[in-house]
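Letters A, B, ... mirror the listed sequences (proteins, then strands); counts begin at 1.
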Amino acid sequence: MQETYDSSAYNPSAVEAAAQKFWSDTRAFEVTEDASRQKYYCLSMLPYPSGALHMGHVRNYTIGDVISRFARMQGKNVLQPMGWDAFGLPAENAAIKRNIPPAKWTRQNIAHMRAQLQAMGFAIDWSREFATCDPAYYVHEQRMFVRLFKQGMVYRKNSVVNWDPVDQTVLANEQVVDGRGWRSGAVVEKREIPQWFLKITDYAQELLDGLDRLPGWPDAVKTMQRNWLGRSEGLEIRFDVEGGGALEVFTTRPDTLMGVTYLAVAAEHPLAAEAAKHNPALQAFIDECRQGGVSEAELETREKRGVDTGLNALHPVTGERIPIWIANFVLTGYGTGALMAVPGHDARDWEFASKYDLPIRMVIVSDPVRDAIRELGRDADDNTSAMSAALGQSKPIDVVEPVAAEDVLVEFENHILTEGPFTGHGTLVNSGDYDGLDFRHAFDALAKRFEREGRGRRQVNWRLRDWGISRQRYWGCPIPIIYCATCGAVPVPEDQLPVKLPEDVAFSGVQSPLKSDPEWRKCTCPQCGGAAERETDTFDTFMESSWYYARYTSPGAATQLDRRADYWLPVDQYIGGIEHAILHLLYFRFYHKLLRDAGLVHSDEPATKLLCQGMVVAETYYRDTPDGGKTWINPADVDVQRDEKGRITGATLKADGRPVSIGASEKMSKSKNNGVDPQLMIDKYGADTVRLFSMFAAPPDQSLEWNEAGVEGMARFLRRFWRDIVAHAAQPDHPRMQAAAAGRTDPLSPRAGEAARKADGENTRDEIDPATLNPAQKTLRRQLHETIAKVGDDIGRRRNFNTAIASLMELLNALEKFTDMSDAGRALRHEVLEAMVLLLNPFTPHASHALWQVLGHPETLIEDLPWPTADPAAQVRASVTLAVQVNGKLRGTLDAAPDAPREQLEARARALPGVVAAVGDKAVRKVIVVPGKIVNIVAG
RNA sequence: GCCGAAGUGGCGGAAUCGGUAGACGCAGGGGACUCAAAAUCCCCCGCCCUUAAAAGCGUGAGGGUUCGAGUCCCUCCUUCGGCACCA
């Protein structure tokens with residue numbers, strides 16, 4: 001490479017262009033399978049091409065890039081691919097707003113965002129790139145669907161959606177705001193339509209068990225998935241309905257059966273419709289329940305309400321009549337759509353019963369209450385309590401303090417009736433033959449009884465529901481199904497796939513072009529040859545994002561995957577936002593098992609390690625508007641005022657100098673106008689500075705607050721580092737620079753090279769001899785090797801990039817204080833700077849690419865250089881500082897050899913003036929010595 | 001409502017296994033350099049009391065365990081993420 005920039009001052013745009021050109025010219029990051037090397041597949045969640053890169057993307061892909069480059073410097077064969085999650089709702093919205101076909105809008109966005117990713121310098125193998133809207137991609141998805149259809153893994157059933165009665169269209173949950181359509185403002189209705197489902201519940205147990213074999217996944221994600229899957233063991237019990245019919249309910253608490261005081265069914269339950277036939281008030285309530293959206297958050301936060309149907313069920317044990325209510329919190333499609341309510345021992349049932357004055361019956365008692373009852377029951381003559389009698393008490397003995405025991409019981413009962421339910425496990429009371437049993441025994445006894453009577457059975461229930469994959473939208477992958485009047489739903493034959501989505505469409509309204517075009521759907525039945533119609537629904541976009549990771553391994557394959565997948569899979573490190581903890585990551589795991597069962601992959605889980613990064617937030621500023629709203633002002637347009645201690649006292653708009661209000665730090669968004677455009681930051685500071693700040697400002701799993709002053713701090717650090725290296729390399733007689741030049745083959749531009757080329761290079765290749773170093777040199781060298789160890793550990797094991805960068809800053813601070821210009825001093829400085837260039841490379845690859853050359857090396861791919869190794873010998877300390885405490889409070893410190901004996905440490909600690917003063921004339925009762933850490937003297 | 005996280009100086013954060021709370025950076029104060037500014041460099045910087053030294057207080061709130069708690073346990077508060085059709 002000839003001189004293209006002046007190396008004396010740091011010029012990010014020239015440095016970055018040169019490095020990127022080198023990577024691109026040498027195809028540095030294109031990889032192939034190599035059985036001789038350890039593979040490393042580092043994957044970041046693929047972006048939705050929304051138009052431009054946002055800070056969340058920058059953060060996500062920088063994390064992936066740091067891990068990828070680090071892994072490659074450790075000698076691994078690293079794959080880091082990129083693609084586009086191209087189908088989805090925003091393209092349809094853009095189409096309506098801008099009058100541009102979704103396909104065109106999407107592909108324009110991809111082109112722009114690809115260029116932005118390249119400007120960030122990510123080490124991506126671009127040869128594997130694809131967009132999920134490419135027919136060459138989704139054809140395999142359609143084939144897989146047909147395969148699953150034939151296996152019986154797919155079925156069609158009615159399911160409820162948000163219906164906008166004005167726009168006559170199905171709305172996404174996101175498009176329902178306060179129960180109304182976002183565009184029309186009409187009150188949304190629930191509507192049932194037939195949809196396709198994938199039997200993810202067949203894999204529920206495996207998805208649950210698999211979590212235990214994912215040590216590299218965050219516990220929070222695994223817990224959320226466990227709870228989402230929601231395995232519960234219980235009984236399904238049939239309640240006969242008075243006058244005919246029956247209701248099936250599922251309960252995990254059969255032990256509370258005798259406490260059932262009402263049953264509740266969903267408004268959509270057939271029994272509700274039956275009861276409402278002659279009851280207008282009931283019908284009105286059912287109609288009311290139809291209003292509003294279908295999201296669980298909306299249903300669960302709604303006020304719990306219900307109406308008595310007037311129908312009664314018969315208790316399966318006592319035959320007692322139990323009222324049946326319709327309740328708006330009973331979800332149809334979960335379990336049986338009906339439940340038994342036990343207000344004494346369930347919080348929601350209790351709330352409902354209190355509101356509608358339904359009876360509350362206590363049938364489970366805690367252990368202390370049980371003991372009190374037994375105490376009372378010892379004297380059966382004096383005791384008429386049904387509960388204690390029921391507990392099977394026998395031998396009458398004198399009760400020492402009957403009043404105290406009675407009080408416990410009364411208090412417990414009162415608490416349930418007035419304060420709230422007892423929801424724990426305990427002992428059954430008021431339960432006839434089952435009195436005195438615990439949860440397990442009651443469960444078993446009732447299960448046996450109902451199984452014998454044919455009235456119920458043990459059952460495992462899951463909260464997880466099957467995956468509804470139909471969407472009533474245009475911009476998605478067409479579902480390859482043909483509807484024939486005689487043959488029913490028939491999958492499209494293999495040789496007719498893909499069913500291509502027409503891309504050149506007018507999309508101005510709310511109706512899908514697939515549905516409004518009478519021609520597209522016309523076809524013939526593959527079975528009988530008669531006239532038939534295509535499915536006009538498309539797949540949920542989670543379908544595409546569930547297997548893209550596997551397709552990256554087999555670019556261009558005619559089949560969905562080929563043998564190359566076996567080399568790369570599973571993913572070694574997956575990185576994405578925590579917002580995907582449940583849905584995407586569960587579908588991703590599910591799909592991998594489907595691929596496995598089709599023989600396409602040979603592992604059980606798609607990714608061994610997972611990192612969920614936090615959001616990118618920024619401060620918000622606003623002014624109140626006369627109509628009570630707020631005008632949000634971008635942080636870039638605001639000046640902040642501070643007092644002499646640096647505290648913020650106010651903010652003003654740059655344009656008019658008048659005050660603006662300061663809001664909270666929130667996720668960057670259009671609505672709060674607090675987004676910072678990564679492109680502006682790259683243009684102003686360079687990609688390396690942007691990368692460095694986004695890794696330094698917070699650990700990856702926490703939210704990151706964007707702060708431009710902080711970005712300037714990173715730019716300062718890089719300029720200092722640059723300047724120090726240039727100054728060091730400019731010393732014409734530098735011994736190590738000569739050594740570096742000796743091994744060099746091509747001419748280099750930086751002026752360090754000029755000096756280096758003049759040197760003869762002889763007698764200069766010696767390593768530093770640690771034995772001859774003076775104390776200051778030893779200290780710096782120790783810090784260097786401690787830093788090497790820490791940076792590797794922080795990146796590789798802890799994934800704490802912020803502390804890795806902090807330790808590199810500390811090392812540079814120490815180096816700048818090290819002014820030793822002897823040969824040994826300069827050689828040591830050279831060792832430090834070379835190591836720092838390599839250690840910083842994952843974060844600032846462009847600067848490292850250039851500075852490596854300034855240090856006298858030929859232009860090379862730094863990722864192919866070995867990661868520095870820490871020398872344990874260099875890290876040995878002659879002495880350590882121990883904290884000395886008296887009663888846990890710090891009273892002094894002392895320096896001692898790391899292996900100093902306990903007695904010596906104790907004696908020296910007790911002699912410290914601060915310790916003497918704190919102990920005073922108190923007796924020393926105990927001394928705790930933790931070698932290398934602390935001495936704590938317990939006195940008093 | 002349910003599930004999962006997080007709360008530490010003026011700010012972002014550090015403290016990795018229960019062992020000196022505040023590394024590193026930002027902001028701020030003081031100084032050097034400069035005709036001046038920018039850039040750069042040096043010093044200070046948790047709160048409180050104080051001339052100073054020293055003491056005291058301090059990790060959202062309240063309890064607990066421990067020689068010792070930011071870290072472990074219990075209760076509560078606040079904020080954030082998810083809740084199946086946003087991606």
Sugar-phosphate, base or nothing in reach of A:R891, heavy atoms under 4.0 Å: sugar-phosphate
Touch class at under 4.0 angstrom, heavy-atom based, for A:Q195 against every strand present: base
Pairing partner (Watson-Crick or G-U wobble, both distances under 3.5 angstrom) of B:U40: B:A32
Sugar-phosphate only, base, or nothing, as touched by A:I928 at under 4.0 Å among non-hydrogen atoms: base
Nearest-angstrom distance from the residue atom CG of A:L812 to P of B:A23: 18 Å
Sugar-phosphate only, base, or nothing, as touched by A:S703 at under 4.0 Å among non-hydrogen atoms: sugar-phosphate
Pairwise P distance for B:G10 and B:A5, with rounding to whole Å: 29 Å
For atom NZ of A:K790 and atom C1' of B:U16, their distance in whole Å: 7 Å
Euclidean distance for P, B:G62 against B:C45 (whole angstrom): 29 Å
B:G58 and B:U8, which share atom name C1', separated by this distance in whole Å: 10 Å
Between B:G13 (P) and A:N707 (CG): distance, integer Å: 11 Å
Sugar-phosphate only, base, or nothing, as touched by A:T803 at under 4.0 Å among non-hydrogen atoms: sugar-phosphate
Separation between the C1' atoms of B:A37 and B:C44, rounded to whole Å: 25 Å
Sugar-phosphate only, base, or nothing, as touched by A:G614 at under 4.0 Å among non-hydrogen atoms: nothing
Whole-Å P distance, B:A87 and B:C83: 11 Å
Distance below 4.0 Å between A:N813 side-chain N/O and B:G25 OP1 or OP2: yes
Distance under 6.0 Å and angle within 45° of ring axis: A:K515 vs A:Y474: no
Anti/syn call for B:C73, syn if |chi| within 90°: anti
Distance test, side-chain N/O of A:R471 to OP1/OP2 of B:A87, below 4.0 Å: no
B:C2 to B:G70 separation - C1' atoms, rounded to the nearest Å: 29 Å
Sugar-phosphate only, base, or nothing, as touched by A:V161 at under 4.0 Å among non-hydrogen atoms: base
Partner nucleotide of B:U66 by Watson-Crick or wobble geometry (both distances under 3.5 Å): none
Whole angstrom value for the distance that separates P of B:G9 from CG of A:D643: 16 Å
Reference residue A:Y587; test ring-ring contact (aromatic ring centres under 6.0 Å, His included); the match among A:Y203, A:W467, A:W228: A:W467
Check: A:F721 ring centre within less than 6.0 Å of A:Y10 ring centre: no
Sugar-phosphate only, base, or nothing, as touched by A:R716 at under 4.0 Å among non-hydrogen atoms: sugar-phosphate
Touch class at under 4.0 angstrom, heavy-atom based, for A:K817 against every strand present: nothing
Spacing of A:M45 atom CE and A:H580 atom NE2 [to the nearest 0.5 Å]: 5.5 Å
Atom pair distance, as rounded to whole Å: CZ in A:F590 and C1' in B:A84: 14 Å
Rounded distance (Å) that lies between atom C1' of B:G4 and atom CZ of A:R463: 12 Å
Separation of atom CG in A:L718 from atom P in B:G25, rounded to whole Å: 13 Å
Under 4.0 angstrom between A:R642 side-chain N/O and B:G10 OP1 or OP2: no
Sugar-phosphate only, base, or nothing, as touched by A:Q702 at under 4.0 Å among non-hydrogen atoms: sugar-phosphate
P atoms of B:U75 and B:G29, separation to the nearest Å: 47 Å
Sugar-phosphate only, base, or nothing, as touched by A:T301 at under 4.0 Å among non-hydrogen atoms: base
Within 6.0 angstrom of A:K355 NZ, more than 12 heavy atoms from elsewhere: yes
Inter-nucleotide P distance (B:C17, B:C73), Å rounded: 14 Å
B:C86 OP1/OP2 closer than 4.0 Å to side-chain N/O of A:N173: no
Sugar-phosphate, base or nothing in reach of A:W228, heavy atoms under 4.0 Å: base
Touch class at under 4.0 angstrom, heavy-atom based, for A:R720 against every strand present: sugar-phosphate
Proximity to the side chain of A:A806 - top-ranked nucleotide from B:A84, B:A23, B:C67: B:A23
Spacing of A:S703 atom OG and A:R59 atom CZ [to the nearest 0.5 Å]: 7.0 Å
A:D701 CG to B:A5 P, straight-line distance once rounded to whole Å: 12 Å
Sugar-phosphate, base or nothing in reach of A:H580, heavy atoms under 4.0 Å: base
Working for salt bridge (Lys or Arg N to Asp or Glu O under 4.0 Å), residues A:E296 and A:R463: CA-CA 12 Å; A:E296 188 183 311; A:R463 208 187 80 92; 3.6 Å; yes
Side-chain N or O of A:N887 closer than 4.0 Å to phosphate OP1/OP2 of B:G68: no
Distance flag, aromatic centroids of A:F801 and A:F696, threshold under 6.0 Å: no
Phosphate contact (B:C41 OP1 or OP2) by A:R723 side-chain N/O below 4.0 Å: yes
Syn/anti state for B:G9 [syn: chi within 90° of 0]: syn
